[in-house]
Number of protein chains: 2
Amino acid sequence: MPEPSGRRERKKAATRQKIADTALRLFLERGYDAVGIRDVAAEADVAVTTLFSHFASKEALVFEQDEDFEQRLTQAVTGRAPHEPLIPALHREIQALVRHCTADGAAPIWRLIDGSPALREYEESMRLRHAESLATAIAADLDLSQTTTACRAVARFAIDAYSLAREAADPEAAADEIFRMIEAAWEAACPSRRARGTVPPGRAGAGRAVTSR
Amino acid sequence: MPEPSGRRERKKAATRQKIADTALRLFLERGYDAVGIRDVAAEADVAVTTLFSHFASKEALVFEQDEDFEQRLTQAVTGRAPHEPLIPALHREIQALVRHCTADGAAPIWRLIDGSPALREYEESMRLRHAESLATAIAADLDLSQTTTACRAVARFAIDAYSLAREAADPEAAADEIFRMIEAAWEAACPSRRARGTVPPGRAGAGRAVTSR
DNA sequence: ACCGTAACACTAACGGTTAGTTTTTAAGAA
DNA sequence: TTCTTAAAAACTAACCGTTAGTGTTACGGT
C-alpha cells in the first residue's frame with residue numbers, strides 16, 4: 001500500500017486551497033448567487049469536475065474554514081479535565097466558538113451566509129450532523145448512565161445555543177442565558193447524578209424514573 | 001376590482017390537488033429520486049411551469065399535508081385556556097403532532113422522507129421557520145416578561161423535541177422526557193414567574209437577573 | 001524502466017428551476 | 001350577447017448545479 005510521501009499530496013492540497021480561496025474571493029466580490037461554479041472553476045484554472053472532486057457542493061466551498069467545528073465540540077466533551085462536569089465544559093467551548101465567528105474578521109463571510117437561503121439551509125443541516133456526533137460523544141462519555149434521548153436533546157440544545165447566540169445582539173450574554181437553561185434541563189434529565197457547576201445544588205433527583213427507550 | 005367568486009378558485013385548487021396527489025403517488029410507487037418533475041407534470045397533465053406556480057420546489061410536493069403544523073403550534077400557545085401554563089400546553093400539542101405523524105397510515109410518507117437527504121434537509125429548514133413563528137407567538141403571549149433569547153430557545157427546544165421524538169423507539173415517552181427537560185429550562189429562564197404544571201413546585205426564581213439584551 | 005493509480009481534464013448530459021411569451025378561460029361591464 | 005380584463009396555464013428555451021463516461025498526465029513504488 002502506497003505510504004503517502006510528499007509531492008502529490010502537496011499538489012492536491014494546493015489545488016484544493018486555490019479553489020477555496022478563489023471561490024471565497026469571488027463570492028465576496030460579486031455575491032454568492034451571482035457567481036457560478038463554472039466561473040469559480042475558470043478563475044481557479046481547473047475543470048468543473050476537479051472542483052467537485054474536492055468539494056461536494058457549491059455551498060461546501062464557503063464552509064471550508066469551519067471544518068473543525070465538529071471535532072472541537074466532541075473534544076470539549078471527551079477531552080475535558082477529569083471530573084469536570086459536562087455542561088460547563090460544553091458552555092465554555094460554545095462560547096469560544098461564538099466569539100470566534102462573531103469576531104470582526106469573520107463578519108463578511110457570515111454576511112454572505114446570512115444573505116443566501118441556500119447557504120443557511122446548508123449550515124443548519126451541517127449543524128444537525130454535528131449535534132448527532134456530539135450526542136454520540138456525550139452518550140459514550142456518560143457510559144450508559146443516561147438515556148440516548150436525553151443525550152441527543154442536550155446536544156441539540158447546545159447547537160441551538162450556538163446558532164441563536166450567533167444571531168443575538170449580545171452573543172456572549174445570549175449563550176450564557178441559554179446555557180443556564182440547558183444546565184437546568186440536564187439536571188432534570190439526570191436523576192442519578194450530583195449537581196455541580198454554575199447552578200446552586202438545588203433539588204437533584206426528583207424520583208421520577210426514566211421511561212423512554 | 002373583481003371580487004373572487006367560485007369557479008376559478010375551485011379549478012385552481014383542483015389543479016393543485018391533482019398535482020400533489022399525483023406526485024405523492026408516484027413518489028411512493030417509484031421512490032422520490034426516481035421520479036422527475038417532468039414525470040409528475042406529465043402524469044398530472046399540466047405543464048412544468050404550472051407545477052412550479054403551485055409549489056415552490058420538488059420537496060414542497062411532499063410536505064403538502066403537513067401544512068398546518070405551524071399554525072397548530074402557535075395556536076397551542078395563543079389559544080390555550082386562560083391561566084394555563086405555557087409549557088404543558090406546548091407539550092400536549094407536540095405530543096398530538098408526534099402521535100399524528102407516527103400513526104400507522106403516515107408511515108410510508110415518513111419512510112419516503114427519511115430515505116431522501118434532500119427531503120430531510122428541507123424538513124429541517126421548514127421546522128426552523130416554524131420555531132421562529134413559535135418564538136414570536138411565545139414572546140407576544142408573555143408580553144415582554146421574558147427575553148427574546150429565552151423565547152427563541154424554548155421554541156427551538158420544542159421543535160427539537162418533536163423531531164427527536166419522531167425518530168425515537170418510543171416516541172411518546174421520548175417527548176415526555178424531553179419536555180421534562182424543557183420545563184426545567186423554562187423555569188430557569190423565568191425568575192419572575194410561578195412554577196406550575198407537570199413539575200413539583202420546587203425552587204422557582206433563583207434570584208438571578210436576566211442579563212442578555 | 002515499468003506499472004499502477006491518483007489527480008485532473010473534457011465533453012455531454014441530467015434534473016430542478018426560471019424567464020419570456022402566448023394561449024386559454026373565467027368574471028364582470030357594455 | 002359581446003367585449004374587456006386578468007388570472008391560470010401552456011410552451012419554448014434556456015440556466016445552473018451536478019454527475020457519468022472517458023481519456024490523459026505525472027507521481028510513487030517496484
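Throughout, a chain's letter reflects where its sequence line sits, starting with A, and its residues are numbered from 1.
Salt bridge annotation for A:Asp160-A:Arg127: absent, with no cationic side-chain nitrogen under 4.0 angstrom from a carboxylate oxygen. A:Arg166 has a carboxylate O that lies under 4.0 Å from a charged side-chain N of A:Glu123, or vice versa, which qualifies the two as a salt bridge. Using a cutoff of 4.0 Å between basic side-chain nitrogens and carboxylate oxygens, A:Arg92 and A:Glu84 are scored as salt-bridged. Between B:Arg16 and B:Asp21 there is no salt bridge, since no side-chain N of the basic residue sits under 4.0 Å from a carboxylate O of the acidic one.
Residue A:Arg8 has no polar side-chain atom (N or O) positioned under 4.0 Å from OP1 or OP2 of D:dA26. OP1 and OP2 of C:dG15 both lie 4.0 Å or more from every side-chain N or O belonging to B:Lys58. For B:Lys11, a side-chain nitrogen or oxygen approaches OP1 or OP2 of C:dA26 to under 4.0 Å.
The environment of A:Glu167 atom CD is dense: over 12 non-hydrogen atoms of other residues, nucleotides or ligands sit within 6.0 angstrom.
Looking at heavy-atom distances under 4.0 Å, B:Val40 makes no contact with the nucleic acid at all.
Using bins of under 30°, 30° to 60° and over 60° for the plane-to-plane angle, the ring pair A:Phe63/A:Trp110 lands in the perpendicular bin.
A heavy-atom distance below 4.0 Å to DNA chain C is reached by these residues of residues 44-56 of chain B, ordered by number: B:Val48, B:Thr49, B:Phe52. Heavy-atom distances under 4.0 Å link DNA chain C to A:Thr15 of residues 13-23 of chain A, given in residue order.
Taking the six-membered ring where the residue is Trp, the centroids of A:Phe69 and A:Tyr162 are separated by under 6.0 Å.
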Q) So what is the 5' to 3' dot-bracket string for DNA chain C, if pairs are Watson-Crick or G-U wobble with both distances under 3.5 Å, crossing pairs use [ ] and | means the partner sits on another strand? A) ||||||||||||||||||||||||||||||
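In the model, B:Ser133 has a side-chain atom that pairs as donor or acceptor with a side-chain atom of B:Glu70 under 3.5 Å.
Between B:Leu128 atom CG and B:Leu134 atom CG the span is 12.0 Å, to the nearest 0.5 Å.
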